[in-house]
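Below is one structure, written out as structure tokens; comments come after it.
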Amino acid sequence: MTAILILNGPNLNLLGTRQPEVYGHTTLADIEANCRIHAKALKLDLGFVQSNHEGTLIDEIHAAKGVYGGLILNAGAYTHTSIALMDAIASVELPCIELHLSNVHAREEFRHKSYIAKVALGIICGFGAQGYPLAMSAMHQHLQATG
Ligand code: DQA
């Protein structure tokens with residue numbers, strides 16, 4: 001069975017109460033539960049992790065090699081700052097989809113820059129919590145196509 005890892009970065013543990021006008025009312029636990037339902041439907045094994053720490057996210061990416069076929073990464077604010085996360089993704093050579101709940105391109109200028117985009121297969125942003133299953137379907141199709 002194909003396995004994918006969904007990695008969530010800083011402050012995403014606060015979803016549901018954090019700026020709901022931007023990020024919605026859905027909690028990360030709700031998102032994970034929905035992803036698990038979607039994973040069953042797609043016959044995917046799913047890892048789902050959140051960390052507020054850049055090094056922990058990097059460790060998770062390193063550990064994903066040989067275990068997961070692909071990564072879905074909502075790196076939160078590290079998207080816009082972290083060369084180290086970009087290098088980690090490039091190092092493990094796993095396909096990675098960059099994901100955001102909000103449309104970062106319709107927001108502040110500093111959110112328009114993404115280091116993750118430089119090593120990502122593609123980007124999904126602006127669809128709120130629905131972006132997670134969308135990204136899973138996209139990764140599933142990619143993994144099937146590349147065998
Ligand atoms: C985010 C967008 C980032 O700019 C922000 O720092 C986040 C969340 C999103 O999912 O919309 O923490 O990644």
Side-chain angles (χ1 to χ4, degrees), residues 2-42 44-65 67-143:
T2 311
I4 63 173
L5 175 63
I6 299 181
L7 261 182
N8 297 280
N11 302 308
L12 293 168
N13 54 312
L14 300 180
L15 285 179
T17 56
R18 173 195 182 197
Q19 295 177 275
E21 68 286 0
V22 178
Y23 299 115
H25 292 277
T26 311
T27 66
L28 195 63
D30 291 337
I31 289 175
E32 179 175 356
N34 191 36
C35 287
R36 295 210 175 277
I37 291 168
H38 197 56
K40 259 195 192 139
L42 294 175
L44 283 173
D45 271 340
L46 181 67
F48 194 99
V49 172
Q50 189 275 332
S51 174
N52 292 323
H53 305 282
E54 191 175 16
T56 303
L57 293 167
I58 291 166
D59 288 343
E60 290 285 344
I61 292 168
H62 292 177
K65 197 173 172 69
V67 177
Y68 295 98
L71 303 171
I72 294 169
L73 175 61
N74 184 348
Y78 288 143
T79 305
H80 319 299
T81 61
S82 182
I83 296 169
L85 271 176
M86 176 186 74
D87 282 351
I89 294 161
S91 303
V92 297
E93 295 179 328
L94 284 171
C96 177
I97 294 177
E98 175 182 342
L99 175 64
H100 304 283
L101 294 134
S102 63
N103 178 356
V104 287
H105 298 288
R107 299 181 63 195
E108 303 95 324
E109 192 82 26
F110 62 83
R111 295 187 205 275
H112 299 178
K113 179 172 182 65
S114 168
Y115 285 102
I116 308 305
K118 297 183 189 307
V119 291
L121 192 63
I123 302 162
I124 293 175
C125 73
F127 294 99
Q130 195 52 33
Y132 282 77
L134 286 173
M136 290 172 70
S137 294
M139 182 59 78
H140 181 244
Q141 278 181 25
H142 172 78
L143 294 175

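Side chains included, hydrogens not; waters and symmetry mates left out as well; all remaining heavy atoms used. Counting begins at 1 with the first residue of the sequence. When a ligand or atom number is given, it counts from 1 through the structure's own listing order.
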Which of parallel (below 30°), tilted (30 to 60°) and perpendicular (above 60°) describes Phe110 and His80? perpendicular
Would you mind checking which non-hydrogen protein atom is closest to atom 10 (O) of ligand 1, with the distance to 0.1 Å? Leu101 N, 2.8 Å
Closer than 4.0 Å to some heavy atom of Val104 - which atoms of ligand 1 meet that? 2 (C), 4 (O)
Are the side chains of Asn8 and Tyr132 in contact, using a 4.5 Å heavy-atom criterion? yes
Could you tell me the residue and atom name of the protein heavy atom closest to atom 1 (C) of ligand 1, and the distance to it rounded to 0.1 Å? His100 ND1, 3.6 Å
Met139 vs Leu44 side-chain heavy atoms within contact, under 4.5 Å: no
4.0 Å heavy-atom contact, Asn74 with ligand 1: yes
Nearest neighbour of atom 11 (O) of ligand 1 from the list Ala75, Pro10, Gly9, Ser102, on a heavy-atom basis: Ser102
Does a sphere of radius 6.0 Å around NZ in Lys65 hold more than 12 heavy atoms from other residues, nucleotides or ligands, not counting ones at 6.0 Å or beyond? yes
Check whether NZ of the Lys or CZ of the Arg Lys113 lies under 6.0 Å from the centre of the six-membered ring of Tyr115 and within 45 degrees of that ring's axis. yes
Between Arg18 and ligand 1, which part of the residue brings a heavy atom under 4.0 Å of the ligand: side chain, backbone, both or neither? side chain
Evaluate the side chain to side chain donor-acceptor pair (under 3.5 Å) criterion for residues Ser114 and Glu98: first the C-alpha distance (whole Å), next the side-chain angles of each, then the deciding distance (0.1 Å), finally the verdict. CA-CA 9 Å; Ser114 168; Glu98 175 182 342; 2.8 Å; yes
Suppose we measure from atom 4 (O) of ligand 1 to each protein heavy atom; which comes out shortest, and what is that distance? His80 NE2, 2.7 Å
Measuring from non-hydrogen atoms of Tyr78 to any atom of ligand 1, is the shortest distance under 4.0 Å? no
How far is atom 5 (C) of ligand 1 from its nearest protein heavy atom, and which residue and atom is that? Arg111 NH1, 3.3 Å
For ligand 1, find out whether one of its N or O atoms is nearer than 3.5 Å to an N or O atom of Ala77. yes
Residues Glu60, Ser51; criterion side chain to side chain donor-acceptor pair (under 3.5 Å); working and verdict: CA-CA 10 Å; Glu60 290 285 344; Ser51 174; over 6 Å; no
